[in-house]
S.K.: 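Before I ask anything, let me first share the structure, which is written out below as structure tokens.
None of the values given here were measured: they were computed from a predicted structure.
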Amino acid sequence: MIFAILFAFWRFMQIITLIPTMGMLAYFVNGYVQLNALTPNYILVLFIVSVLALAWSIYTLFSYHRSSANATFVAVVDLLFVGAFIGSVYALRFIAGADCTSITRGDPYDVSFGPFGSASFTNFDASVDKTCAMLKACFAFGIMNCVFFFASSILACLHGDRTSNGDRTTYYRETHSHRHGHRGSRSPHSRHSTHSSHRRVYV
């Protein structure tokens with residue numbers, strides 16, 4: 001039960017962050033396609049990884065019973081996505097130091113308060129570079145998904161080890177009880193044979 005709750009939580013976190021990532025990167029891919037230009041690798045790689053990771057997260061979330069039965073396989077695939085996101089984020093690392101927002105100081109203006117005097121204020125204008133901000137958001141979501149997929153991989157790995165240990169224990173108990181029952185079923189016959197042999201000796 002605890003595994004189901006934690007597994008669903010991390011999967012929801014992955015889906016929530018991967019959907020906007022895929023949408024923003026699809027916007028860039030579509031723009032380059034319309035210009036009949038090649039999409040840069042730092043956009044294309046993260047876009048492909050995000051699409052595959054989103055499909056994998058949705059599939060494993062809605063097919064939970066198969067995922068819990070194949071927990072070790074799920075852990076390996078999640079760990080592969082961790083490596084893929086690390087490579088994608090590394091390709092987009094140049095955006096980390098970019099300044100996407102510029103603030104300019106406007107002209108000062110006076111506000112009169114009647115008999116209480118007046119005050120001087122200065123307005124500020126903020127402009128945001130849309131392309132830079134979207135790429136920086138994708139970069140942040142990529143780092144977050146590195147952590148999310150690593151957490152779900154460790155969780156699935158622990159669940160797989162516990163499941164395999166439980167199966168081995170169940171198999172040992174069944175084998176032991178079968179041997180014990182077989183040994184018990186043979187004991188009356190052996191006792192009867194022993195008793196008959198004693199009777200033959202005394203006769």
S.K.: Say whether Leu46 and Tyr27 are linked into one hydrophobic cluster, either directly or through other cluster members, by side-chain heavy-atom distances under 4.5 angstrom.
M.R.: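 Hydrophobic grouping puts Leu46 with Tyr27.
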S.K.: I need the Phe148 CZ to Phe141 CZ distance, nearest 0.5 Å.
M.R.: 9.0 Å
S.K.: Are Phe7 and Leu80 connected in the hydrophobic side-chain network, where two residues link if heavy atoms are under 4.5 Å apart?
M.R.: no
S.K.: Treat each ILVMFWY residue as a node, draw an edge where side-chain heavy atoms are under 4.5 Å apart, and state whether Leu158 and Val77 are in one component.
M.R.: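 Yes; tracing contacts between hydrophobic side chains, which count when under 4.5 Å, links both residues.
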S.K.: Looking at Asp129 and Lys136, is there a salt bridge between them, counting it only when a charged N and a carboxylate O are closer than 4.0 Å?
M.R.: no
S.K.: Quick one: pull up CG in Asn145 and CG in Leu18 and give me the separation to the nearest 0.5 Å.
M.R.: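 Rounded to the nearest 0.5 Å, the CG-CG separation comes out at 4.0 Å.
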S.K.: Same cluster for Tyr42 and Ile48 if Ile/Leu/Val/Met/Phe/Trp/Tyr side chains link at under 4.5 Å?
M.R.: yes
S.K.: Is the backbone N or O of Tyr90 less than 3.5 Å from a side-chain atom of Arg93, with the two atoms forming a donor-acceptor pair by type?
M.R.: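 Checked: pair present.
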S.K.: Other residues, nucleotides and ligands only: do more than 12 of their heavy atoms fall within 6.0 Å of CZ on Phe94?
M.R.: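 Result for CZ/Phe94: enclosed.
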S.K.: Is there a donor-acceptor contact under 3.5 Å linking the side chains of Thr21 and Ser50?
M.R.: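 No, Ser50 and Thr21 have no side-chain donor paired with an acceptor closer than 3.5 Å.
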S.K.: Any side-chain heavy-atom pair from Leu135 and Ile43 closer than 4.5 angstrom?
M.R.: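 In contact.
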S.K.: For the residue pair Phe81 and Phe149, categorise the inter-ring angle as parallel (less than 30°), tilted (30 to 60°) or perpendicular (more than 60°).
M.R.: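 Correct class here is tilted.
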S.K.: Under 3.5 Å, side chain of Gln14 to main-chain N/O of Ala53, donor-acceptor pair present?
M.R.: no
S.K.: Under 4.5 Å between side-chain heavy atoms, counting indirect links through other Ile/Leu/Val/Met/Phe/Trp/Tyr residues: same cluster for Val33 and Phe47 or not?
M.R.: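 Yes, one cluster joins them.
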S.K.: Could you tell me which non-hydrogen atom of Ser152 sits nearest to which non-hydrogen atom of Trp10, and how far apart they are?
M.R.: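 Heavy atoms of Ser152 and Trp10 come nearest at CB-CB, 4.2 Å.
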S.K.: Drop me the distance from Leu155's CG to Asp78's CG, to the nearest 0.5 angstrom.
M.R.: 9.5 Å
S.K.: Could you measure the distance from the CZ atom of Phe12 to the CG atom of Leu61? Nearest 0.5 Å is fine.
M.R.: 5.0 Å
